[in-house]
Amino acid sequence: MCGIVGYTGPRQASRILVEGLKRLEYRGYDSAGIAVLKGGPIAAGERPLVVIKRKGKIAELRKAVPKDLAGSSGIGHTRWATHGSVTDANAHPHTDVSGKIAIVHNGIIENYVPLKEMLEKEGAVFLSETDSEVIAHLVAYHYDGDLESALKAALGHMRGTYGIAAMHADEPGRIVGARNGSPLVLGVGDGEMLLASDVTALLAHTTNVVYLNDGEVVSMTPTDFRISDRDDQAVDPRIDQITWKLGAIEKGRFSCFMEKEIFEQPESIERALTGRLDMEYGSAKLGGLNLAKKDLHAIERVRVIAAGTSWHAGLVGCQLLESVARLPAQAELASELRYRNPVVEAHSLYLAVSQSGETADTLYAMREIQRRGGAVLGICNVVGSTIARESDGGIYVHSGPEIAVASTKAFTSQLAAFYLLTLSLARMHDMSHHEGERFLEELKAAPEAVRRSLQQRDHIQAIAKRYARFHDFLFLGRGLLYPIALEGALKLKEISYIHAEGYASGEIKHGPIALISPETPSLFLVPNDHLREKTITNMKEIKARGGPIIAVAQEGDDLVASIADEYIPVPAVDSLFQPFVMVPPLQLFAYFCALELGRDVDQPRNLAKSVTVE
Ligand code: AGP
């Protein structure tokens, strides 16, 4: 969603801001802008703050920013429209009437209507339809020579969520930021400071970062910064190191990030497993859980809270926990749970699963559980993200930065985390040492099995070329492969805009079969266990009604190959580990369909990488 970058230091701010915004493109946006405090002499009548905003891509903004724009401090923003349409005027930064104050804002100011009415009575003139513009006028209303106190006073009026960066022409070199429910991270450079909503915008300049907490305000100059909390008390900053390498946020030899991330999966799964396989005890080592053995042993049930792809990983995880660790487990949609007045049971373990660690629905559901006394562990990718910091412990999945909006490598790393957790809990109960060792052997082999599954690339591309112009698809799976079918359908929808529904294969007779015709292909995930024959029966039912079939099944399955119109073989692995090998073909199918249709694979329309508003 929206992104923020701020810079103050000796260098040309406009370049750093535009380049930083470019790094945030992946979050999803529809317009962008910067405000720079002009360097050099200011002519009479000239405004000291240069504000340039454009709807559309960063390339439009880049064209509009003069190459020689002087000025070494500024703020920038990518906007994902919520209040007001996509126009230059609604893009950020917003300024006050004097033009001396500029602000950028992520989040939503819920009470902006009465604030706007109050400010208009005080003489403010609004130039946009946004909720965010009230912040500029509120800061002006309170400004008395000190931007930090004016912003703090303005925050006192506001209800909602925000990550804000603000500057004032009379305080050159100072940028003030505030956070409440929308991430902000400070980059501490050598003689320069940066502020961003996401570390990817900082990585080219520094690896020293300070994550702001909700309620904190930072005031920074090129050589110094100060953080204070809601009570105006100074906060002792903790400087963290970002371990991601710059190369990880660049496309390299791939045509887009999604392609790169799909093919990175053998390594990213490997990273999720590294150091966590306890060969000696046939178990898993998960130090980050922060739970004593006896607390882990006392867990009676597990509940997962997540959204989208992370929820699909949770659905797989819950089946594993139930069938292998013999714990009742249920995956809940965070957006539902948070408003449902949930019963928080003793001896339940809650798991908040999130790639970004910033998804508003998951974060608020987690807080609601914690407020009721429940313990929540996080399964996150982004180190230092809000969910990772606010959870009571957890598992980092270490997939590295995931830039494409459609999640791929984070999903398989989340799966890896669930397999590890399942093993760890199962070994506390019924699973023997020997069974644990066998489980570990299969898990260790997962990266290589995924690598082999990805070798179907060209075959899948050829199939995608034939099928990309169909308008509707069914994705069908059973057992552990049912959530994988949901994930495959979501991938296809997200990036190709083809309508696709995921169903449990056994459910099609209960309604969806009415959709079957030569125009509606079904993509079957065929398990290699006791559910295989039942799935084949379902395939025949579709076939009898003229529906085209694409089947993903274990290599050498001649029967499936003879029934299906298209057959995608995947490596033979134990049925418990089939989710790993089944998902890459679906990711590739979605990717090649999207390519075939000329879609913007990395930044599909209307979507944002991290959904920080409801
Ligand atoms: C995945 O392809 C989607 N873009 C989306 O469903 C995503 O998984 C969801 O918004 C949750 O995000 P999170 O994992 O960062 O919490």
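These figures come from a predicted structure and were not determined experimentally. Atoms within a ligand are numbered from 1 in the order they appear, just like the ligands themselves.
Within the 4.0 Å heavy-atom criterion, neither part of Lys609 lies near ligand 1. Residue contacts with ligand 1, taken as heavy atom pairs separated by less than 4.0 Å, do not involve Glu358 at all.
In summary, the aromatic rings of Phe411 and His312 are positioned with their centroids too far apart to meet the 6.0 Å limit. Proximity of the aromatic rings of Phe475 and Phe524 is defined here by a centroid distance below 6.0 angstrom, and this criterion is not met. If you look at Tyr364 and Tyr339, their ring centroids are not closer than 6.0 Å. Taking the six-membered ring for Trp, Tyr503 and Tyr482 have ring centres at least 6.0 Å apart.
Ranking the protein heavy atoms by distance from atom 10 (O) of ligand 1 puts Val611 CG2, 4.0 Å first. Protein heavy atom closest to atom 6 (O) of ligand 1, with residue, atom name and distance, is Gly308 CA, 3.2 Å. Looking from atom 4 (N) of ligand 1 to the surrounding protein, the closest heavy atom is Glu494 OE2, 2.8 Å. For atom 8 (O) of ligand 1, the nearest protein heavy atom (residue, atom name, distance) is Thr309 N, 3.1 Å. If you check which protein heavy atom lies closest to atom 13 (P) of ligand 1, you get Thr359 OG1, 3.2 Å. Nearest protein heavy-atom neighbour of atom 11 (C) of ligand 1: Ala307 O, 3.4 Å.
Those atoms of ligand 1 that come under 4.0 Å of a heavy atom in Val405, given as number and element, are 2 (O), 4 (N). Per-residue contacts place Ser310 under 4.0 angstrom from the following atoms of ligand 1 (heavy atoms of the residue considered): 8 (O), 13 (P), 14 (O). Taking every non-hydrogen atom of Ala406 and a distance limit under 4.0 Å, the qualifying atoms of ligand 1 come out as 2 (O). If you number the atoms of ligand 1 from 1 as listed, the ones under 4.0 Å from a heavy atom of Lys491 come out as 1 (C), 2 (O). Below 4.0 Å from some heavy atom of Ser407 lie the following atoms of ligand 1, by number and element: 1 (C), 2 (O).
Thr78 and Glu25 are not linked by any side-chain donor-acceptor pair at a separation below 3.5 angstrom, with hydrogens and angles left out of the test. For the residue pair Thr412 / Gln265, a side-chain donor-acceptor distance below 3.5 Å is found, with atom types taken as modelled.
With respect to Asp214 and Arg367, a salt bridge is recorded, a charged nitrogen being found less than 4.0 Å from a carboxylate O. A salt bridge links Arg372 with Glu368: the closest approach of a Lys/Arg side-chain nitrogen to an acidic carboxylate oxygen falls below 4.0 angstrom.
Not a single heavy atom of Ser610 sits less than 4.0 Å from an atom of ligand 1.
Contacts of Asp361 classified as side-chain hydrogen bond (donor to acceptor under 3.5 Å, both in side chains), with partners at least two apart in sequence or in another chain: Arg338.
On a distance-only criterion, Ser356 and ligand 1 share at least one N/O pair closer than 3.5 Å.
Looking only at distances, a side-chain donor or acceptor of Arg271 sits under 3.5 Å from a matching main-chain atom of His398.
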